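Below is one structure; the comments refer to it alone.
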Amino acid sequence: SGIVDCCPRALSKTENYIINKYWLSRKLFTRFSKSLLYWLRLRGKTYTPPERFRSNINILKRHFGGNLYWLSILQGNDEYEKRVPGITKKVNTYNQILKDELCNNVINLDGLDKRFIMSDYHHLNVEGHKYIFEKIIHLNGLD
């Protein structure tokens, strides 16, 4: 779960299915898609609505108890916000859900130094994974 869940989408899964199913519609849609997709994303559609995200967290909590470490969703930057309008607000909303449901079990990545993040703005690089590893070691008192 994470950025994929909360990312503002131009089309719902159903809308995407319909466009992909009908070749002519897809061809017409892609012709106008660049500017149209920008405006459609402003509708705030996500693949996983906040209520479902919360439910997924609670299902995992029931199965694994306190034995999981959760990472907050990485904040993008201004450039990423331009590419994906509304992403910052969505990330904040979903991170708040994580904090509300999990309290102390969330490793907060807000303000994580960009040297730990890949150029796509939402994946950790090797150094980022090392950083998380060190955080988990510290949380377990193993350092």
Side-chain angles (χ1 to χ4, degrees), residues 1-22 25-26 28-143:
S1 286
I3 195 82
V4 172
D5 291 303
C6 72
C7 186
R9 304 290 177 170
L11 303 170
S12 68
K13 287 183 179 180
T14 304
E15 292 164 338
N16 218 0
Y17 172 80
I18 291 168
I19 286 171
N20 286 321
K21 183 171 173 68
Y22 300 103
S25 296
R26 183 176 62 220
L28 288 172
F29 187 79
T30 54
R31 184 173 180 188
F32 302 104
S33 65
K34 189 132 180 137
S35 61
L36 181 59
L37 289 175
Y38 175 86
W39 292 106
L40 287 173
R41 279 188 187 207
L42 297 178
R43 299 185 301 167
K45 297 263 185 202
T46 60
Y47 284 166
T48 306
E51 309 78 41
R52 181 66 192 172
F53 186 71
R54 185 181 305 276
S55 173
N56 291 344
I57 291 168
N58 286 310
I59 289 168
L60 289 168
K61 276 181 13 183
R62 276 196 306 278
H63 285 294
F64 296 101
N67 298 322
L68 291 176
Y69 290 98
W70 302 74
L71 306 178
S72 66
I73 301 168
L74 291 170
Q75 292 289 343
N77 60 16
D78 292 340
E79 186 177 325
Y80 193 52
E81 178 67 30
K82 287 177 190 171
R83 278 199 304 176
V84 184
I87 189 66
T88 303
K89 183 177 178 185
K90 289 290 188 182
V91 166
N92 290 337
T93 298
Y94 283 61
N95 278 344
Q96 188 59 52
I97 292 169
L98 279 171
K99 290 173 189 168
D100 291 347
E101 294 298 321
L102 302 165
C103 301
N104 299 330
N105 289 356
V106 178
I107 297 173
N108 187 356
L109 301 178
D110 288 349
L112 185 66
D113 192 300
K114 65 182 177 182
R115 68 187 168 148
F116 297 129
I117 304 171
M118 294 177 72
S119 60
D120 66 3
Y121 310 113
H122 56 268
H123 287 103
L124 296 171
N125 60 22
V126 172
E127 292 303 314
H129 284 279
K130 288 179 186 175
Y131 172 82
I132 298 301
F133 175 76
E134 293 297 326
K135 283 279 213 186
I136 292 171
I137 292 295
H138 177 73
L139 288 170
N140 283 297
L142 300 172
D143 49 350

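When reading the values below, keep in mind they use all heavy atoms of this one structure, side chains included, and skip hydrogens, waters and symmetry mates. Treat the numbers as computed from the prediction; the structure is a model and nothing was measured.
Between Y131 and D113, the closest side-chain pair of non-hydrogen atoms is not below 4.5 Å. Between K90 and D5, the closest side-chain pair of non-hydrogen atoms is not below 4.5 Å. Residues L109 and I117 are not in side-chain contact: their nearest non-hydrogen atoms beyond the backbone lie 4.5 Å or more apart. Side-chain contact between L98 and F53 is present, with at least one heavy-atom pair separated by less than 4.5 Å. Using a 4.5 Å heavy-atom threshold, the side chains of N95 and V106 count as separate. In this structure, R9 and V4 have side chains that are in contact, with non-hydrogen atoms separated by less than 4.5 Å.
To the nearest 0.5 Å, atoms CG (L124) and CD1 (I132) are separated by 5.5 Å. A distance of 9.5 Å separates CD in Q75 from CD in E81, rounded to the nearest 0.5 Å. Atoms OG and CD1, on S55 and I97 in that order, are 11.0 Å from each other to the nearest 0.5 Å. Within the model, atoms NZ of K114 and CG of N125 stand 12.5 Å from one another, a figure rounded to the nearest 0.5 Å. Between the CG atom of N140 and the NZ atom of K135 there is a distance of 13.0 Å, given to the nearest 0.5 Å.
Between I87 and C7 the shortest heavy-atom distance is CD1-CA, 3.7 Å. The nearest pair of heavy atoms linking I3 to H122 is CG2-CD2, 3.6 Å. Smallest separation of non-hydrogen atoms from Y121 and L74: O-CB, 4.3 Å. Residues D110 and K99 share a closest heavy-atom pair of OD2-NZ, 3.6 Å. Nearest heavy-atom pair across Y69 and L139 is CE2-CD1, 3.7 Å. Listed here is the closest heavy atom pair of P8 and G86: CG-C, 3.6 Å.
At a cut-off of 3.5 Å, with distance as the only test, a side-chain donor of R52 or N56 sits close to an acceptor on the other residue. A donor-acceptor contact closer than 3.5 angstrom links the side chains of D100 and Q96.
Classification of E127 and K130 as a salt-bridged pair holds, one side-chain N sitting under 4.0 Å from a carboxylate O.
Within 6.0 Å of CG in D78 there are 12 or fewer heavy atoms belonging to other residues, nucleotides or ligands.
Not a single donor-acceptor pair under 3.5 Å links the side chain of N108 to the backbone N or O of S72. At least one donor-acceptor pair under 3.5 Å links the side chain of T93 to the backbone N or O of K89. The main-chain N or O of E101 is found under 3.5 Å from a side-chain atom of K61 such that the two form a donor-acceptor pair.
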